[in-house]
Asks: 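Submitted below is the structure of interest, expressed as structure tokens.
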There are 2 protein chains.
Amino acid sequence: MAQVFLSRSRKPANLIWYQAWLRWQSTSPLAQPVHDVSPADRLEPRAPVVVTPEIPGPRSKELASRLGQYQNTDAVHFFVDYERSQGNYVVDVDGNCLLDIFTQIASLPLGYNHPRLVKAMQKPENLATVINRPALGSYPPVDYVERLQNSLLSVAPPGLHQVQTMGCGSCSVENGMKAINMAYQRRIRGPRPYSDEELQSCIVNRSPGSPKLSFLSFANGFHGRTMGSLALTHAKWYVKLDFPAPDWPIAEFPQLRYPLEEFTQENQQEEQRCLEQVRDRIEQWAKRGEPVSGMCIEPIQGDGGDNHASPAFFQGLQDICDETGLYMMFDEVQTGGGVSGKYWAHEHFNLRHAPHVVAFSKRMLSGGFYFADELRPTEGYRIFNTWTGDPSRLVLLEQVIKEVKEEGLMANATLVGRYMLDGLRMLQCEFPGLVRNARGLGTLCAVDIRDANTRADLLRKMRNRGVNLGMCGVSGIRLRPSLLFKRRHVDIFLDRLRTTLAELK
Amino acid sequence: MAQVFLSRSRKPANLIWYQAWLRWQSTSPLAQPVHDVSPADRLEPRAPVVVTPEIPGPRSKELASRLGQYQNTDAVHFFVDYERSQGNYVVDVDGNCLLDIFTQIASLPLGYNHPRLVKAMQKPENLATVINRPALGSYPPVDYVERLQNSLLSVAPPGLHQVQTMGCGSCSVENGMKAINMAYQRRIRGPRPYSDEELQSCIVNRSPGSPKLSFLSFANGFHGRTMGSLALTHAKWYVKLDFPAPDWPIAEFPQLRYPLEEFTQENQQEEQRCLEQVRDRIEQWAKRGEPVSGMCIEPIQGDGGDNHASPAFFQGLQDICDETGLYMMFDEVQTGGGVSGKYWAHEHFNLRHAPHVVAFSKRMLSGGFYFADELRPTEGYRIFNTWTGDPSRLVLLEQVIKEVKEEGLMANATLVGRYMLDGLRMLQCEFPGLVRNARGLGTLCAVDIRDANTRADLLRKMRNRGVNLGMCGVSGIRLRPSLLFKRRHVDIFLDRLRTTLAELK
């Protein structure tokens, strides 16, 4: 109760500060921040402020009902004033200012309106990139090679030197799969040219041109929502129901017990069990005449529940791939971009060699995938579509990467993540039964709440206290802060979480 | 030969003008054009100018070889200086200035650097939309409803009031299909709630949750390259080979004889034959236990060869859909946006009622689809992904639509298209055997060239004469100018085409 009181008592002071900040913000253009130690920090509000009795407030509700004329809006949380949002704080249309630990489903690397990005987009040459979106595969812009080098290639996963941009995460996974299927068929075909039968049958979706290949995925995985990527996705019913899907092999993802250090042996056995299942599935589908060309896996399963596995498990998967000739794709759409403490989460696994494909999107701002030389298409137009990405996103990504490097934001993610995880573990001790399985890598942290209903309550209460969170799995809370998230933000989050948990106990 | 001489003799004068234009352009910011009758026109170069012996020139080649370190570049035509390109003219990195009649694979409605778009993007509130890309389905921006109303909804196809944005054309078709499959299953299920079996089986790609539904498409159709949209695509081998695909029904698209008015009866019979095939396929797949939930068709097949069919054919298809309970999706990714003389090409067909889905992308700048009320999802997160489009594209689209309305650009497309088609018919008479089947609706014009090799020669020669063209089908040339294309541009195009054809005769 003391916590509630404290948290409430802070409000008036914050409110006064916040109103001053709003006034200041409207007179001080974002593009000319005080350039100091960390200019981005200086622009941010000091704490969350909630000015309506609940969120969504009346204006959000009114806008949602207007939007409801044109589409289903059940997934709308609240409407945002993007111009006013700043750093780790999202400002909604009712004037509420929330600490955002979900950052547009993990897709804003530097929070809102980072001065560096604002500045980059004001340059005329960059504006031209926004206005004249090219068909990138046929008419790339003059600075495209340089852009790629300064952005995506400068943070390529070790061992991978090829890259292809795409529009979104689903398309990235789909095209990663296509690159794998081409390489797989090339290996089988050997040096012989394409047969007429292949060239003709593929046009009408028939083998041998459209071969009966399958692709292995994992229970609780999430890889996208177009037909191919959805076939690899095993998430909530509303993602899957009513959509036809190919019958491809699915293996279980290890369900580890936490804290990991206490259940070493059990977890090892669990991972071994899953690895055997993978072998088994590959054999089964080969016998069926639908050989598995590759597998797709998240380094940490996100939507499916922030499920971790050990480096040994991933090494084991790579061994199986090498033995059976499968290609391995990491889906780093949610885990990439530095938040794990390394640029790519799979770098934590000490693999013997690079995976064949690493798909990305979200906080990389552009979709796409890195791929092994072996997977490079041998003809033009094989991996292609009208836009194949958007170079204006690389303009922004270049600035993000500069900021990450200059401000040491990966080290920050490691330290802040550890601090946040420690805090979550404390709460787990304080509220046994209510909070479980605190886990994390960098700031990719999560806890499980007693049950789905309690979680829903908690998310609502936290939002009304000015903290925006995401969920995952059956009853998990998924923390996806920006790379600018600092200890002071963790303190605010933990303080309000503690207050809320005390109410729910 | 006279033509060649004429065309050559023009070069020096153009070159002098062009160099002056380049100087003027670099001192006169694009954002402050002379606001006159048509400001966009005033900014444009007067004619194509080619300054290198061939295109791609040395700088394009060098950049392509550098890009070649990181990806296959066989589809790269040349590198573009987007800042310098203007209106209907694309300027490449070697300083060549080409009349662009392919406009980034038909995706630039107002050509390059239209002053209206430049101006819109300079506004700080619009910049914020570019920088803070939202998870649109959950956290829409404050002005989203208004943006939708002023852009997509203001040009909605008659009878359709629901709209969902998406990232690209493939995703639009995929999600249109999903909306159809949901509605189809809802109709079968009736008022009963989802069964546990459905909810559980869908997670692992099994029926009844993932039902064995099929989707009908047409030979030579092109609908995208992700697994679901690719299953509907029946294009060149390099689009299809090596990728597994579901065995869904494919019907023939009518192959009409031109000029249409001379072959009325033959063409009627051909369309009747195709309609019967459609009926037949629907029955066949129903018998197999994989009922057809819907069909997807382009109003004019683009990539597949600019194939037209009569309004009667499309009316016949709608009749079949109504009788058999199929949902009908028009893929207007290439035909939408006003170039047909109406905003949507299917509006030319006098259908009895609106189609169920109209998918768009390309010159609409944003992907997405309009859909019938009946197709509206009944739960949130059913049609969803992280970004579900990009509101900054709607900022631009709003300006495009304003320009289309204020400058009468649809009427322009009708008139200019007719003028261009007349010119192509003249050339067809002048070069019988070499040019065939001139056809068009608005500026969506095409001709067939003697054979694929001659076409390749022609495209290369035309590019070296300063005209950038696209191809379609086996030997077709696809004309996809911007909405700003005028008679004077047609004259330049036809003049150079005549010269080139004379060389190839």
Side-chain angles (χ1 to χ4, degrees), chain A residues 66-67 70-72 74-75 77 79-83 93 104-105 107 112 117 121 125 127-128 131-132 134-135 137-142 145 162-164 167-168 174 181-182 185 199 202-203 205 209-210 213 225-228 234 237-238 240-245 377 379-382 385-386, chain B residues 66-67 70-72 74-75 77 79-83 93 104-105 107 112 117 121 125 127-128 131-132 134-135 137-142 145 163-164 167-168 174 181-182 185 199 202-203 205 209-210 213 225-228 234 237-238 240-245 247 377 379-382 385-386:
Chain A
R66 282 174 59 198
L67 182 58
Y70 314 120
Q71 52 186 237
N72 181 303
D74 293 349
H77 294 202
F79 279 69
V80 174
D81 189 335
Y82 284 97
E83 232 189 317
V93 292
Q104 306 298 321
I105 320 184
S107 70
Y112 298 91
L117 305 189
M121 266 305 142
E125 67 267 32
L127 261 189
I131 291 160
N132 310 294
S138 286
Y139 307 97
V142 53
V145 178
Q162 302 283 306
V163 72
Q164 175 64 58
C168 66
E174 289 261 359
N181 283 333
M182 275 192 283
Q185 290 296 94
L199 296 179
C202 72
I203 308 297
N205 300 4
S210 290
L213 296 178
R225 289 176 172 248
T226 50
M227 190 178 183
H234 311 293
W237 66 267
Y238 49 75
K240 300 278 291 179
L241 186 68
D242 296 338
F243 309 137
E379 304 98 1
Y381 297 103
R382 293 288 267 149
N385 58 50
T386 301
Chain B
R66 283 174 59 198
L67 182 58
Y70 313 121
Q71 52 187 237
N72 181 303
D74 292 349
H77 294 202
F79 279 70
V80 174
D81 188 335
Y82 285 97
E83 231 188 318
V93 292
Q104 307 298 320
I105 320 184
S107 70
Y112 298 90
L117 305 190
M121 266 304 142
E125 68 268 31
L127 260 190
I131 291 159
N132 310 294
S138 286
Y139 308 97
V142 52
V145 178
V163 72
Q164 175 64 58
C168 67
E174 289 261 359
N181 284 333
M182 276 193 284
Q185 290 297 92
L199 297 178
C202 71
I203 308 297
N205 300 4
S210 290
L213 296 177
R225 289 177 172 247
T226 50
M227 191 177 181
H234 311 293
W237 66 267
Y238 48 75
K240 300 278 292 178
L241 186 67
D242 295 339
F243 309 137
D247 183 17
E379 304 99 0
Y381 296 105
R382 295 287 268 148
N385 58 49
T386 300

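A note on names: the letters A, B, ... follow the listed sequences, proteins ahead of strands, and every chain is numbered from 1.
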Asks: Heavy atoms, side chains only, cut-off 4.5 Å: are A:F243 and B:Q185 in contact?
Replies: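 Counting from C-beta outward, A:F243 and B:Q185 never come under 4.5 Å.
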Asks: Can you name the closest pair of heavy atoms from A:I203 and B:W237 and give their distance?
Replies: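 That would be CD1-N, 3.7 Å.
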Asks: Could you tell me if the side chain of A:Y82 sits less than 4.5 Å from the side chain of B:P134, heavy atoms only?
Replies: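 In short, these two side chains touch, coming nearer than 4.5 Å.
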Asks: Is B:R382 salt-bridged to A:D74, going by a charged N under 4.0 Å from an acidic O?
Replies: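 Between A:D74 and B:R382 there is no salt bridge, as every charged N stays at least 4.0 Å from the carboxylate O atoms.
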Asks: Between chain B and each of A:L67, A:D81, A:I131, count heavy-atom pairs under 4.5 Å; write down the option with the most.
Replies: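 Looking at each of A:L67, A:D81, A:I131 in turn, A:I131 comes out on top.
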Asks: With a 4.5 angstrom heavy-atom cut-off, is it the side chain or the backbone of A:L127 that approaches chain B, or both, or neither?
Replies: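 When you check distances to chain B, only side chain atoms of A:L127 fall under 4.5 Å.
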Asks: So, the side chain of A:E174 versus the backbone of B:M227: is there a donor-acceptor pair under 3.5 Å, distance only?
Replies: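 Indeed, once roles are kept as given, a pair shorter than 3.5 Å links the two residues.
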Asks: What I'd like to find out is whether the side chain of A:H77 reaches to under 4.5 Å of the side chain of B:Y139, using heavy atoms alone.
Replies: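 Sidechains of B:Y139 and A:H77: in contact.
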Asks: I need the A:S138 OG to B:I105 CD1 distance, nearest 0.5 Å.
Replies: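 Reported to 0.5 Å precision, the distance equals 5.0 Å.
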Asks: Looking at B:A245, B:S210, B:P377, B:P140, which has the largest count of heavy-atom pairs under 4.5 Å with chain A?
Replies: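 Counting heavy-atom pairs under 4.5 Å, the top option is B:P140.
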Asks: Given a strict heavy-atom distance threshold of 4.5 Å, which part of A:Q104 is in contact with chain B: side chain, backbone, both, or neither?
Replies: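 Contact with chain B is through both the backbone and side chain of A:Q104.
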Asks: Return the option, out of A:P141, A:S107, A:A128, with the maximum number of heavy-atom pairs under 4.5 Å with chain B.
Replies: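 Highest number of heavy-atom pairs under 4.5 Å: A:P141.
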Asks: Hey, are the side chains of A:Q164 and B:N72 touching, using non-hydrogen atoms and a 4.5 Å cut-off?
Replies: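 No, their side chains stay 4.5 Å or more apart.
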Asks: Which heavy atom of A:V145 sits nearest a heavy atom of B:F79, and at what distance?
Replies: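 Result for this residue pair: CG2-CE2, 4.3 Å.
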Asks: In terms of heavy-atom pairs under 4.5 Å, which option from A:R225, A:K240, A:H234 contacts chain B the most?
Replies: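 Among A:R225, A:K240, A:H234, the one with the most close pairs to chain B is A:R225.
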Asks: Compare all side-chain heavy atoms of A:P244 with those of B:N181 and state whether any distance is below 4.5 angstrom.
Replies: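 With C-beta onward as the side chain, the pair touches.
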Asks: Any side-chain heavy atom of A:M182 within less than 4.5 Å of one from B:L241?
Replies: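 A:M182 does not reach B:L241 side chain to side chain.
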Asks: Out of B:N205, B:L117, B:V142, return the one with the most heavy atom pairs under 4.5 angstrom to chain A.
Replies: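 That would be B:N205.
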Asks: Side chain, backbone, both or neither: which part of A:T226 has a non-hydrogen atom closer than 4.5 Å to chain B?
Replies: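 For A:T226, heavy atoms of backbone and side chain both lie under 4.5 Å from chain B.
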